[in-house]
Amino acid sequence: MLSQNIFDKEFDRDSVFTDRNLLSPHYTPLELPFREHQIKQISHILGQTLHNKKSDNLFIYGKTGTGKTSTTKNVMKQLVEFSSAKNIKVEGIYINCRNHNSKYRALIKIVKDLYPEGNFMGFSAAFIYEKLVGYVRAGKQLVIVLDEVDKVKDLDELIYALTRSNDEIDKGGITVVGISNNLMFKDRLDPRTKSSLCEQEMVFPPYNAEELKEILKRRAEHAFKKDVVEDSALSLAAAFAAQESGDARTAVMLLLRAGEVADRKGIEKITDEEVKKAKNKVEEELILNMVSTLPEQQQLVLYAISVLSLEKRGIRKITGQLEEGVLFSGEIYDEYERIAKKIGKDVVSARWYREYISELEMYGLILSTNSGKGIKGQTRLIKLGFDARKIRQLLEKELMIG
DNA sequence: CCTCCACAGGAAGCGCAGGAGT
DNA sequence: ACTCCTGCGCTTCCTGTGGAGG
């Protein structure tokens with residue numbers, strides 16, 4: 001992803017970007033403003049390993065986009081660089097537990113990193129474990145970073161295995177750094193796991209608008225050509241992101257999209273207007289992503305709504321006024337039933353269908369009001385919250401219709 | 001006014017998967 | 001490894017509600 005394709009330069013020729021990779025969500029920034037304190041704290045803790053002592057295990061908590069992963073990776077990189085320069089036996093391993101979500105998978109990944117030439121798939125857990133202990137026993141200090149640690153199914157087992165190994169080794173040691181954005185999960189842990197993993201704890205607070213602006217400014221300096229981004233555009237992007245939970249990742253994403261908007265327009269400046277457009281784009285991406293991760297049955301209901309609201313673009317007379325794209329709960333259910341049967345899916349009861357409607361409304365995908373006068377009986381009037389054509393198109397792919 | 005309509009949404013219960021307890 | 005329990009997704013049944021129509 002980071003490798004330079006020969007088309008990168010060609011593609012970027014008439015662009016506001018100089019290096020758009022710097023705005024990728026996977027990019028680890030070299031400098032981490034407003035995290036000096038955390039960096040100092042982590043390096044203080046992990047610095048023990050440089051004296052060939054096992055350091056305290058560390059648990060890091062903070063919401064998404066607060067720099068947990070970047071900061072930790074940054075410190076780890078420096079730790080490993082320093083130690084190899086000084087010929088000290090410290091090694092670091094980073095694992096994202098979303099991809100290695102069990103004790104066995106995580107251990108495999110660790111051992112594979114230690115012995116890059118070996119292939120350990122299919123070996124017994126005990127063998128893998130011995131391999132790991134054997135490696136450390138040679139007098140190494142191993143720091144293992146478990147990112148998104150709450151994703152590990154049998155975390156208690158994994159932590160137990162990793163910490164127990166220290167009792168079997170007298171020369172080296174294993175230090176565990178756990179990262180999570182879910183503080184609640186800590187309380188679900190076995191008390192022993194909790195006390196060993198959380199020997200040291202740190203919280204990463206969200207960034208405020210000024211901090212986000214500074215972060216964006218520094219990224220923009222390297223990612224864009226000189227003087228492309230207007231200062232007020234940076235402020236606006238920072239303000240948008242700050243109000244949406246202070247997440248640096250979405251702030252950077254906003255900037256990236258704003259640059260793309262400018263490129264498409266063929267202009268050389270990024271102003272407030274591009275940022276606003278980008279915000280809409282990012283929101284749309286979020287919506288479409290949300291729609292595609294919905295359970296199948298809810299997708300079917302939503303699909304029925306999108307079909308109907310396109311079909312009867314019909315303006316309806318309600319409360320004397322004309323309203324567009326408003327549907328009755330009942331006719332949606334009928335349509336949903338028809339579609340589901342046609343493509344051979346189960347049909348849920350009308351009662352449960354109403355629960356789906358409530359959920360879709362909570363997600364903001366649809367809007368609904370109770371029927372007033374002008375309509376017989378009592379029903380819900382339902383309206384799609386977003387562009388019906390886009391949603392229908394996406395769901396046709398998702399549900400493999402047509 | 002009463003009745004019917006077209007639903008809303010609460011209560012109870014059922015079958016199942018997965019975790020806890022032993 | 002075995003049962004037991006629990007939560008979840010869902011159905012069935014039911015009562016409530018407000019306007020339309022006679």
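Note on naming: letters A, B, ... go to the chains in the order of the sequence lines (proteins, then strands), and numbering restarts at 1 for each one. When reading the values below, keep in mind they use all heavy atoms of this one structure, side chains included, and skip hydrogens, waters and symmetry mates.
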Could you check how far [atom1] of [X] sits from [atom2] of [N], rounded to whole Å?
X	N	atom1	atom2	value
A:Glu355	B:dG10	CD	C1'	10 Å
A:Glu331	B:dC7	CD	P	8 Å
A:Tyr356	B:dA8	OH	C1'	18 Å
A:Leu155	B:dG19	CG	C1'	16 Å
A:Arg354	B:dA8	CZ	P	5 Å
A:Tyr333	B:dA8	OH	C1'	15 Å

Check: protein-nucleotides 20-22 of chain B nitrogen or oxygen pairs below 3.5 Å:
none

Legend entry - Any donor-acceptor N or O pair under 3.5 Å, side chains A:Ser368, A:Glu361: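 Yes, a side-chain donor-acceptor pair sits under 3.5 Å.
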Inset, instruction - Not counting sequence neighbours, which residues clear side-chain contact (heavy atoms from CB on, under 4.5 Å) with A:Val149? List them please. - result: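 By the side-chain contact (heavy atoms from CB on, under 4.5 Å) rule, A:Val149 matches A:Phe59, A:Leu146, A:Leu155, A:Ser180, A:Phe185.
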Inset, instruction - Check every nucleotide of DNA chain C for an atom under 4.0 Å from a heavy-atom of chain A, then give the first and the last such nucleotide from 5' to 3'. - result: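 The contacted stretch runs from C:dG9 to C:dA20.
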Legend entry - Single hit among A:Leu294, A:Ile287, A:Leu302, A:Val291 for side-chain contact (heavy atoms from CB on, under 4.5 Å) with A:Tyr363: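 Only match with A:Tyr363 under side-chain contact (heavy atoms from CB on, under 4.5 Å): A:Leu294.
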Legend entry - Residues in ring-ring contact (aromatic ring centres under 6.0 Å, His included) contact with A:Tyr303, at least two apart in sequence or another chain: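 So A:Tyr303 forms no ring-ring contact (aromatic ring centres under 6.0 Å, His included) with any residue.
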Inset, instruction - Drop me the distance from A:Glu396's CD to A:Met400's CE, to the nearest 0.5 angstrom. - result: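 Here the interatomic distance stands at 13.0 Å.
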Legend entry - Residue pairs involving residues 84-119 of chain A (criterion ring-ring contact (aromatic ring centres under 6.0 Å, His included); sequence neighbours excluded):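 Counting only pairs at least two positions apart or across chains, the ring-ring contact (aromatic ring centres under 6.0 Å, His included) contacts touching residues 84-119 of chain A are A:Tyr115-A:Tyr135.
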Under-3.5 Å N/O pairs linking protein and nucleotides 11-16 of chain B:
none

